[in-house]
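Values below: all heavy atoms of this structure, side chains included; hydrogens, waters and symmetry mates excluded.
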Amino acid sequence: MAAAASGPVTRQVSGRAAPAPSGPERGQPLAVAVAELPVQDASGKRVPFGALFRERRAVVVFVRHFLCYICKEYVEDLAKIPKSFLQEANVTLIVIGQSSYHHIEPFCKLTGYSHEIYVDPEREIYKRLGMKRGEEIAFSGQSPHIKSNVLSGSLRSLWWAVTGPLFDFQGDPAQQGGTLILGPGNNIHFIHCDRNRLDHKPINSVLQLVGVQHVNFTSRPSVIHV
């Protein structure tokens, strides 16, 4: 059996070709110290990170921050995944942000997201998983999930900040996110750490790895350039 990892897990799968995940017995282990780190739910209740996938397999998406228009539009598409599709594959979907827990409910209302969501306000899990802070200049291709261009998206982010119940950045603006497939237990089957804000994994490519049906995300308005 593989030895427990002592440092940050930094194995990154290429954005172009991701291998099939290992089975639970052969998955790469998550350090116990990382699994014990707390996340908070919408009520502020603290839950050990590892408890989220101790008994089940989970797709865990770490987002940059809740004011990021790219994160918002990506999570809007995560919200379109039918719960029945996840249940058929015995998989759960979890989003983790890095704001105060007070921002969870407004973010869910804004995006229509109804799956599980937590926050890591101190970014300790982000750090221990080796997620990048700052942006790497790298070609990430055209995301199938982003509708807005930089100008219109940035203006909307500013508007959400000004009109929100708490005027703050809702997380470190320099923090990047990532996607993992975890569990049952402390097994890591897949990890992708985003190099920049557009380097997120296409959702269907991740769903395919866990046996979830393909989801049609194309019923959307066209990108409006201003």
Side-chain angles (χ1 to χ4, degrees), residues 39-45 47 52 58-87 91-121 123 125-126 131 140 142-173 175-180 192 194 196-207 212-224:
V39 292
Q40 292 177 283
D41 66 14
S43 68
K45 179 181 177 181
V47 181
L52 305 182
V59 173
V60 184
V61 178
F62 287 79
V63 298
R64 294 180 64 242
H65 59 89
F66 287 163
L67 283 181
C68 170
Y69 75 91
I70 291 173
C71 299
K72 171 189 171 288
E73 294 180 5
Y74 189 81
V75 173
E76 283 176 339
D77 273 3
L78 289 176
K80 296 176 182 177
I81 301 172
K83 291 186 178 181
S84 60
F85 284 17
L86 297 169
Q87 291 167 354
V91 172
T92 191
L93 174 63
I94 301 169
V95 164
I96 295 182
Q98 39 121 1
S99 73
S100 163
Y101 72 87
H102 297 95
H103 292 298
I104 291 178
E105 186 175 346
F107 183 72
C108 289
K109 288 181 178 177
L110 185 67
T111 58
Y113 181 84
S114 62
H115 302 288
E116 291 187 42
I117 183 168
Y118 303 87
V119 291
D120 172 23
R123 298 187 296 113
I125 300 171
Y126 284 79
M131 292 188 182
S140 301
Q142 179 66 40
S143 171
H145 307 292
I146 307 308
K147 303 180 285 294
S148 303
N149 60 35
V150 174
L151 177 58
S152 62
S154 298
L155 289 174
R156 274 195 287 272
S157 293
L158 179 60
W159 176 252
W160 299 328
V162 171
T163 58
L166 298 172
F167 183 35
D168 61 36
F169 283 109
Q170 302 188 23
D172 181 351
Q175 179 66 58
Q176 303 303 316
T179 301
L180 296 90
H192 170 84
D194 299 345
N196 56 57
R197 68 189 68 193
L198 289 171
D199 192 40
H200 48 249
K201 294 296 295 178
I203 295 169
N204 275 319
S205 71
V206 178
L207 296 181
V212 174
Q213 295 182 48
H214 185 277
V215 178
N216 182 6
F217 298 111
T218 58
S219 56
R220 58 168 79 246
S222 300
V223 174
I224 300 174

Q | Pairwise distance NE2(His192) to OG1(Thr179) - rounded to 0.5 angstrom | A | 6.5 Å

Q | Non-hydrogen atoms of Val215 and Pro82 that approach each other most closely | A | CG2-CD, 4.2 Å

Q. Is the distance between the ring centroids of Tyr113 and Phe107 under 6.0 Å?
A. no

Q | Donor + acceptor pair across side chains of His200, Asp194 (<3.5 Å) | A | no

Q: Could you pull out all residues at least two apart from Tyr101 that satisfy ring-ring contact (aromatic ring centres under 6.0 Å, His included)?
A: none

Q) Just wondering, do Val91 and Phe85 contact through their side chains at under 4.5 Å, heavy atoms? A) no

Q. Between Val119 and Ser100, is any pair of side-chain heavy atoms under 4.5 Å apart?
A. no

Q.
Just verifying a value: how many Å separate Thr111 OG1 and Ile117 CD1, rounded to the nearest 0.5 Å?
A. 6.5 Å

Q. Just by distance, do the side chain of Gln98 and the backbone of Asp172 share a donor-acceptor pair under 3.5 Å?
A. yes

Q) Of Leu78, Ile81, Ile94, which meets side-chain contact (heavy atoms from CB on, under 4.5 Å) against His115? A) Ile81

Q | Spacing of Tyr126 atom OH and Gln176 atom CD [to the nearest 0.5 Å] | A | 10.5 Å

Q.
Rounded at 0.5 Å granularity, tell me how far CE in Met131 sits from CG in Leu180.
A. 5.0 Å

**Q.** For the student: nearest non-hydrogen atoms of Ala79 and Gly112, plus distance
**A.** CB-O, 3.5 Å

Q) How far does OG of Ser43 sit from NE2 of His102, to the nearest 0.5 angstrom? A) 10.0 Å

Q) Hey, are the side chains of Ile70 and Arg64 touching, using non-hydrogen atoms and a 4.5 Å cut-off? A) no

Q. Charged N to carboxylate O under 4.0 angstrom, Glu105 versus Lys109?
A. yes

Q | Minimal non-hydrogen separation, Ile125 against Asp120, with atom names | A | N-OD2, 2.8 Å

Q: Supply the atom-to-atom distance Phe62 CZ to Arg123 CZ, rounded to the nearest 0.5 angstrom.
A: 12.5 Å

(Q) Side chains of Ser114 and Lys83, heavy atoms from C-beta outward: is any pair under 4.5 Å? (A) yes

Q: Determine the minimum heavy-atom distance between Gly44 and Gln40, stating which atoms define it.
A: O-NE2, 3.3 Å

Q. Is there a side-chain contact between Leu86 and Thr92 (heavy atoms, below 4.5 Å)?
A. no

Q: Could you pull out the closest heavy-atom pair between Ser99 and Pro121, with the gap in Å?
A: O-CB, 3.5 Å

(Q) Before you tell me yes or no, could you show the steps for Asn204 and Phe217 under side chain to side chain contact (heavy atoms under 4.5 Å, CB included), namely the whole-Å CA-CA distance, both residues' side-chain angles and the distance that decides it to 0.1 Å? (A) CA-CA 9 Å; Asn204 275 319; Phe217 298 111; 3.6 Å; yes

